[in-house]
Number of protein chains: 2
Amino acid sequence: MTPPRRDKPVTISDVAQLAGVSVPTVSRVLTGAAKVSEGRRSRVLDAIAELGYRPSAAAQTLASRRSNVIGIVAGNTSRYGYAEAIRGVEESARAAGFLSFIVVVETAEQDDVAAATDAVLRQSPAGVVVLKFDPPGVAALAALQPHIPVVALSGVPESGVPQAVLDESHAAAALTRHLLGLGHRTVHHVRVPPSGKEDGRTSGWRHALNEAGIAVPEIRDVSWDPRSAYEVGVAIAGESDVTAVLCGNDETAMGLIRGLHDAGKRVPDDVSVAGFDDHPLAAMFLPSLTTARQDFAELGRHGMAQLDALLTGAAPLALDTVDPPVLIRESTAAPRDAAPRD
Amino acid sequence: MTPPRRDKPVTISDVAQLAGVSVPTVSRVLTGAAKVSEGRRSRVLDAIAELGYRPSAAAQTLASRRSNVIGIVAGNTSRYGYAEAIRGVEESARAAGFLSFIVVVETAEQDDVAAATDAVLRQSPAGVVVLKFDPPGVAALAALQPHIPVVALSGVPESGVPQAVLDESHAAAALTRHLLGLGHRTVHHVRVPPSGKEDGRTSGWRHALNEAGIAVPEIRDVSWDPRSAYEVGVAIAGESDVTAVLCGNDETAMGLIRGLHDAGKRVPDDVSVAGFDDHPLAAMFLPSLTTARQDFAELGRHGMAQLDALLTGAAPLALDTVDPPVLIRESTAAPRDAAPRD
DNA sequence: GTGAAAGCGCTAACAC
DNA sequence: GTGTTAGCGCTTTCAC
């Protein structure tokens, strides 16, 4: 066995020569584009193994005008939901024979979006999955769509784009109703950075309040950093009318609870707090978090399945919606001053 | 402005024709390989803008035999340290003009490692950064090294590979000494899946115990799932000799604390627990976690810097080691039965 | 089935 | 400086 030299890669013609066949024949056994007689076929396979030959993706892409890479475009790669969604996409992309590359769009500004679009298109990927979780994602989706097959991953259905959706609004409404059902007069909302005008989490909350004929309280905004939720927790500890809070995600809920705690309030005794996502630590927290499970990895897998369907020209999958289950745990309870409604 | 058609990409010769120059001249303004007169130069630039031309990465790679993509090889993409390290690598790769693709190695088995190696090499990347955090990472590193410029990211220095290191053993020893200094007779250790025979976290702990002349207690192993640490927490709640525990990471510490809590033990009153990493939620947990900060994103950036140096043939950077700072918070305290040693 | 010939979009080497 | 000529490593006609 001769280990390949770092500076002289083995090419298809090396294989052809060793196997005693023509270059196109090697190509045929590689791609399966046409039948090759059993004898030649195995000689080619042997030569490939002996030389440790690996086809060059660049040459294949150039010659065939299709590639086996897909792009994952995201505003972020490491936050919980993002990382899980990326994992899901990559997993099923790999299972389908695709390699995934990552393009991060820092902001929704022209320059960043154009840079990301360029980076994606230059690779001539077979398709792209965009995490439409934030404004950069929304902008990148719009920029990419006219050029290449794209699937969006998101929390709210939208028409005109193949997509996989994790329907957040139902779960947010259910969580809000749960809190109201415990006897809270209203439910406040601490919002994480939204993807557009309003996310499903916020609209579900708003919907449930409207439905119950309750005035919609002012929204508090936080960044992704749990410390900003901590500050809000400290602040609302001083507001006696706040007895129930629905947070945009579990990290926010944990930060908020810690802030309330440090300001002398107990959860759920003084204030009920619900999170969103069912982060792996949500059940470990003290108190454990009432929340709605979001399976981001599954969302990613669905997205890749959509892309696959799109590429193979199969019947476009029906709108792919997953309804997140609600989990009632320790962080929510009846308020001090009221008995449950029913 | 004519938006490019989805099916007929603009090529370099379209640009050349519109600008009234030869193809290589366009290439020259693109790559800056040779001087081009100001007049032609700007005509080319205009043509590029007008046509919305984007060079094909495949063609460039094939013709020039160098690519501007780098590979990130990892056993996992979404767990905290992994995701942060990947973020760091991608960030600085992008800043240096590289696109990052991701290859996941599920296990350290022959097949998976070979598949990952193939996937990487077929892309002919400029270089690769391997997350040497687990056995799959270690195996992939070994398989890749003879073929292509590789940098390893890890927790323990190792010779023979360009690498960036987050030196865990000092911090683990410091944490162990902190616990002993509080008066604990010994410190137990709950270990997360190690990359090889022993990780820096474990060896630092072992070292500090040896140094203090204390017998090394049996190690408890957990998976990455905090629920497995929860089980250990429940179990050790029944062992009265366990008063201090050093955990392999913060998620494990949180699971362990929750398990202790559910089994009736309080932290730090009954048992002191230290984590590792300074996860964003470590400071929010109740109790907040004593831990050692690991800046994985910075580790990733250092790794990419190493790779850059390697590629440009610059003097190889000195071994890149970061010493994680120790953070004393609420989850550790003196044991019930003893006063602090000093 | 199989080889010869052509060409994918670009860069490199070479003259001028 | 600039155009012409050759490929890069493959896949794709198209004969046979």
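Chain naming here is simple, since letters A, B, ... match the order of the sequence lines and numbering starts at 1 in each.
A straight line from CZ of B:Arg54 to P of C:dC10 spans 13 Å, rounded to a whole angstrom. B:Ile12 places its CD1 atom 14 Å from the P atom of C:dC8, with the value rounded to the nearest Å. D:dC10 atom P lies 10 Å from atom CD1 of A:Ile48, rounded to whole Å. A:Gln17 has its CD atom 15 Å from the C1' atom of D:dG9, to the nearest Å.
Contact check of residues 55-69 of chain B against DNA chain C (heavy atom, cut-off under 4.0 Å) returns B:Pro55, B:Ser56, B:Ala59, B:Gln60, B:Ala63, B:Ser64, B:Arg66. Residues of residues 28-45 of chain B having a heavy atom closer than 4.0 Å to DNA chain C, listed by number: B:Arg28, B:Thr31.
Note on B:Arg94 versus A:Glu106: salt bridge recorded, some NZ/NE/NH1/NH2 to OD/OE distance being below 4.0 Å.
Judged purely by distance below 3.5 Å, without hydrogens or angles, the side chains of A:Gln60 and A:Arg66 never pair a donor atom with an acceptor atom. With 3.5 Å as the limit, one finds no donor-acceptor pair spanning the side chains of B:Gln306 and B:His302. Using modelled atom types, one finds no donor on one side chain facing an acceptor on the other under 3.5 Å when comparing A:Ser195 with A:Asp134.
The distance from the OG atom of A:Ser78 to the CD1 atom of A:Ile86 is 8.5 Å, given to the nearest 0.5 Å. From B:Ile48, atom CD1 reaches atom CD1 of B:Ile12 across 8.0 Å, with rounding to the nearest 0.5 Å.
By the 6.0 Å contact criterion, CD on B:Glu298 is enclosed, its count of non-hydrogen atoms from other residues, nucleotides or ligands being greater than 12.
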Using Watson-Crick and G-U wobble pairs whose two distances are both under 3.5 Å, how do you write the pairing of DNA chain C as dot-bracket, with | for links to another strand?
|||||||||||.||||
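Shortest non-hydrogen contact noted between B:Arg122 and A:Asn68 is NH2-OD1, 3.6 Å.
Contact check, A:Thr11 against D:dG9: no side-chain N or O comes under 4.0 Å of OP1 or OP2. Side-chain N/O atoms of A:Ser13 include none lying less than 4.0 angstrom from OP1 or OP2 on D:dG9.
B:Pro125 has its side chain within reach of B:Ile148: a pair of non-hydrogen atoms, C-beta onward, lies under 4.5 Å apart. With a 4.5 Å cut-off on side-chain heavy atoms, A:Arg79 and A:Phe133 do not count as touching.
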Start with the C-alpha gap between A:Arg87 and A:Glu84, add the side-chain angles, then the distance that decides, and say whether salt bridge (charged side-chain N to carboxylate O under 4.0 Å, His left out) holds.
CA-CA 5 Å; A:Arg87 175 167 74 85; A:Glu84 283 291 301; 2.8 Å; yes
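Within 4.0 Å of B:Val23, counting heavy atoms only, lies at least one base atom of the nucleic acid.
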